[in-house]
Amino acid sequence: MLFAVFLAVFLPCAGMSVVLIVYCCMLWYAATYPDDVGGDSAAEEAVKDNQPSGLSPTQLQKLPSVTGKDLVLGEDCAVCLDVIGADEPARLVPGCNHGFHVECADTWLARNPACPVCRNWLGPELFDPPEANPC
């Protein structure tokens, strides 16, 4: 009986002690070697380098610009979540025709070449169309 009580009290305490020691060792390792936590830093840098850059200022100027009253798919800017006024300039994303404030669209597209609403990709073929088929 005394042995059973000893095991019932000792084993859970010993198990929790082991878990605490492992946790403390993991915290110490993470604090000592911060570059190794989360994977290979060289692989993370390669992923960051492969991410697409945004549009250039000349490409942004080639995008269609209209006023707020000419928008087809609504009058809300999905970037700043504000209403585009009827006389405010707006930028249309080709292909999907989503409209945004010019400043909002240019800021977004300068960092990410995709529509903020539908993620429609604005590739280089949009700005440099292939030559017409001579046939």
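As the structure is a prediction and not an experimental result, all values here were calculated from the model.
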Within a strict 4.5 Å, meaning less than it, do heavy atoms of the Phe100 and Cys115 side chains meet?
->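 Counting from C-beta outward, Phe100 and Cys115 do come under 4.5 Å.
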Looking at side-chain heavy atoms only, is the closest gap between Arg119 and Asn112 below 4.5 Å?
->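 They are in side-chain contact.
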To the nearest 0.5 Å, how far apart are CG in Asp70 and CD in Glu75?
-> 12.5 Å
Using the test ring pair (Phe, Tyr, Trp, His ring centres under 6.0 Å), find all partners of Phe10 that sit at least two apart in sequence or belong to another chain.
->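 With neighbours one apart ignored, the set is Phe6.
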Students should find that the hydrophobic cluster of Tyr23, defined by side-chain heavy atoms under 4.5 Å apart, otherwise consists of Leu27
Indicate yes or no: at least one non-hydrogen side-chain atom of Met16 is less than 4.5 angstrom from one of Leu20.
-> no
Considering all heavy atoms of both residues, which atom of Cys13 and which atom of Val9 are nearest to each other, and what is their separation?
-> SG-O, 3.3 Å
Closest non-hydrogen atom pair between Cys96 and Asn120, with its separation = N-ND2, 3.7 Å
If you link ILVMFWY side chains whenever their heavy atoms are less than 4.5 Å apart, which other residues fall into the same cluster as Val19? By chain and number, please.
->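 Result for Val19 is none, singleton.
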side-chain contact (heavy atoms from CB on, under 4.5 Å) with Asn97: which residues, sequence neighbours excluded?
-> Leu73
If you look only at distance, which donor and acceptor atoms sit under 3.5 Å apart when one is on a side chain in residues 102-109 and the other is two or more places apart or in another chain?
residue : atom : partner : partner atom : Å
Asp106  : OD1  : Arg91   : NE           : 3.0
Asp106  : OD1  : Arg91   : NH2          : 3.2
Asp106  : OD2  : Arg91   : NH2          : 3.0
Thr107  : OG1  : Glu103  : O            : 2.8
Trp108  : NE1  : Ala114  : O            : 2.8

Co-members of the apolar cluster containing Val66 [side chain, <4.5 Å] =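 Members alongside Val66: Leu71, Ile84, Leu92.
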Val22 and Met26: CA distance, side-chain angles, deciding distance, side chain to side chain contact (heavy atoms under 4.5 Å, CB included) verdict = CA-CA 6 Å; Val22 169; Met26 290 174 62; 4.1 Å; yes
Looking only at non-hydrogen atoms, find the nearest pair between Val117 and Ala78 and report the distance.
-> CG2-CB, 3.5 Å
Is a side-chain N or O of Ser65 found less than 3.5 angstrom from the main chain of Ala90, in a donor-acceptor match?
->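 Pair found, side chain donor or acceptor close to backbone of Ala90.
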With Ser17 via side-chain hydrogen bond (donor to acceptor under 3.5 Å, both in side chains) - residues at least two apart |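 Testing Ser17 for side-chain hydrogen bond (donor to acceptor under 3.5 Å, both in side chains), a comparison that skips the adjacent residues, returns none.
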